[in-house]
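For ligands, and for the atoms within them, numbers begin at 1 and follow the listed sequence. Below, all heavy atoms of this structure are taken into account, side chains as well, without hydrogens, waters or symmetry copies. Keep in mind that this is a model prediction, so the values were computed, not measured.
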Amino acid sequence: MPPCWTLSGGIVLVYSVCEQNEMLRIRVLHGPILNLLGSREQSIYGTMSLDTMDSAILKLAEELAVEVDLRQSNSEGELVGWIQEARTGYDGIIINPAGYTHTSVAIRDAIAAVGLPTVEVHLSNIHQREEFRHRSYIAGVAIGQISGLGPTGYLLALRGLHDHLTASRRQKKTSPPSTSRRAARGTR
Ligand code: DQA
């Protein structure tokens with residue numbers, strides 16, 4: 001918990017002020033076989049390795065003053081675990097679920113359960129490829145999907161999620177507490 005929780009008196013107000021100034025934290029998840037980027041089906045996924053892509057994400061995160069945590073797994077269960085874990089301490093998720101995009105109700109449910117703003121990324125344009133790739137189980141619980149722009153898609157996702165989270169923090173800061181709104185309307 002941020003140290004501001006330990007201050008006593010007007011805790012809700014104190015927390016909301018601290019929240020505004022805290023660094024955004026985003027978890028970036030790469031699904032199965034993305035560890036082979038650079039050598040895997042280069043005509044579709046290009047020649048950039050996952051490490052190089054992660055370095056570009058980290059560089060942009062530094063510019064945006066966002067903390068990112070990058071992980072890759074070939075296991076659906078591990079991805080579900082990392083999504084659940086993000087519930088505490090993270091503000092949003094960027095995920096390329098890879099093959100699980102088209103099969104995983106569990107990953108979709110995990111994203112819905114944690115309720116964190118999530119951006120879905122695909123290197124290739126899944127809508128131009130085989131029909132089984134046109135369906136994403138994740139799209140319905142994501143705030144957006146970026147597909148077909150290669151590694152740039154991750155950078156756009158990071159910028160987009162950063163802007164989304166910054167705007168919602170700003171909105172929380174400016175909107176009056178619900179009790180005073182009720183009082184202003186004279187309702188109980
Ligand atoms: C992918 C597209 C998926 O259909 C595929 O299974 C992948 C990668 C992409 O980034 O283009 O593994 O998510």
Side-chain angles (χ1 to χ4, degrees), residues 24-64 66-87 89-165:
L24 289 172
R25 295 185 77 206
I26 293 174
R27 182 160 268 186
V28 181
L29 299 176
H30 305 292
I33 333 197
L34 294 174
N35 54 315
L36 295 187
L37 283 177
S39 61
R40 171 192 184 196
E41 297 175 278
Q42 289 186 347
S43 60
I44 299 172
Y45 300 115
T47 54
M48 191 183 282
S49 70
L50 188 61
D51 279 353
T52 307
M53 226 167 61
D54 280 349
S55 302
I57 296 169
L58 282 168
K59 185 167 172 281
L60 177 62
E62 209 178 309
E63 279 169 35
L64 297 172
V66 172
E67 197 180 318
V68 289
D69 166 59
L70 298 134
R71 289 154 189 248
Q72 187 276 330
S73 179
N74 294 332
S75 150
E76 185 178 20
E78 195 158 36
L79 291 164
V80 166
W82 288 339
I83 292 165
Q84 284 191 27
E85 242 180 50
R87 210 166 20 149
Y90 288 87
D91 301 290
I93 297 172
I94 293 172
I95 184 167
N96 181 346
Y100 291 135
T101 307
H102 321 295
T103 61
S104 182
V105 176
I107 290 179
R108 178 199 175 99
D109 285 351
I111 293 170
V114 301
L116 289 175
T118 297
V119 180
E120 177 185 353
V121 175
H122 298 285
L123 296 156
S124 63
N125 183 343
I126 57 172
H127 305 285
Q128 267 180 1
R129 298 182 62 193
E130 303 95 319
E131 205 165 328
F132 69 86
R133 295 186 203 273
H134 297 181
R135 173 176 194 173
S136 164
Y137 280 93
I138 313 306
V141 290
I143 59 167
Q145 183 195 67
I146 298 172
S147 176
L149 297 178
T152 305
Y154 283 95
L155 306 181
L156 294 172
L158 184 56
R159 279 190 191 281
L161 189 52
H162 165 269
D163 289 358
H164 176 90
L165 295 170

(message) By the definition side-chain contact (heavy atoms from CB on, under 4.5 Å), identify the one residue from Ile83, Val119, Val28 that meets it with Ile95.
(response) Ile83

Measure from every N or O atom of ligand 1 to the protein's N or O atoms and keep only the pairs below 3.5 Å, writing each with atom names and distance to 0.1 Å.
from, atom 1, to, atom 2, distance (Å)
ligand 1, 4 (O), His102, NE2, 2.7
ligand 1, 4 (O), Arg133, NH1, 2.8
ligand 1, 6 (O), Gly99, N, 3.2
ligand 1, 6 (O), Arg133, NH1, 3.0
ligand 1, 10 (O), Asn96, ND2, 2.9
ligand 1, 10 (O), Leu123, N, 2.8
ligand 1, 11 (O), Leu123, N, 3.2
ligand 1, 11 (O), Ser124, N, 2.8
ligand 1, 11 (O), Ser124, OG, 2.6
ligand 1, 12 (O), Arg40, NH1, 3.3
ligand 1, 12 (O), Arg40, NH2, 2.9
ligand 1, 13 (O), Asn96, OD1, 2.8
ligand 1, 13 (O), His122, ND1, 2.8

(message) With heavy-atom distances below 4.5 Å as the criterion, would you say the side chains of Leu161 and Ile143 are in contact?
(response) yes

(request) Answer with yes or no whether the side chains of Gln145 and His127 bring together a donor and an acceptor at under 3.5 Å. (result) yes

(request) Give a yes-or-no answer on whether the side chains of Ser136 and Glu120 include a donor-acceptor pair shorter than 3.5 Å. (result) yes

(request) Test the Arg135-Tyr137 pair against the cation-pi criterion, namely NZ or CZ under 6.0 angstrom from the six-membered ring centroid and within 45° of the ring axis. (result) yes

(message) Can you tell whether the side chains of Asp69 and Arg27 come within less than 4.0 Å, N to carboxylate O?
(response) yes

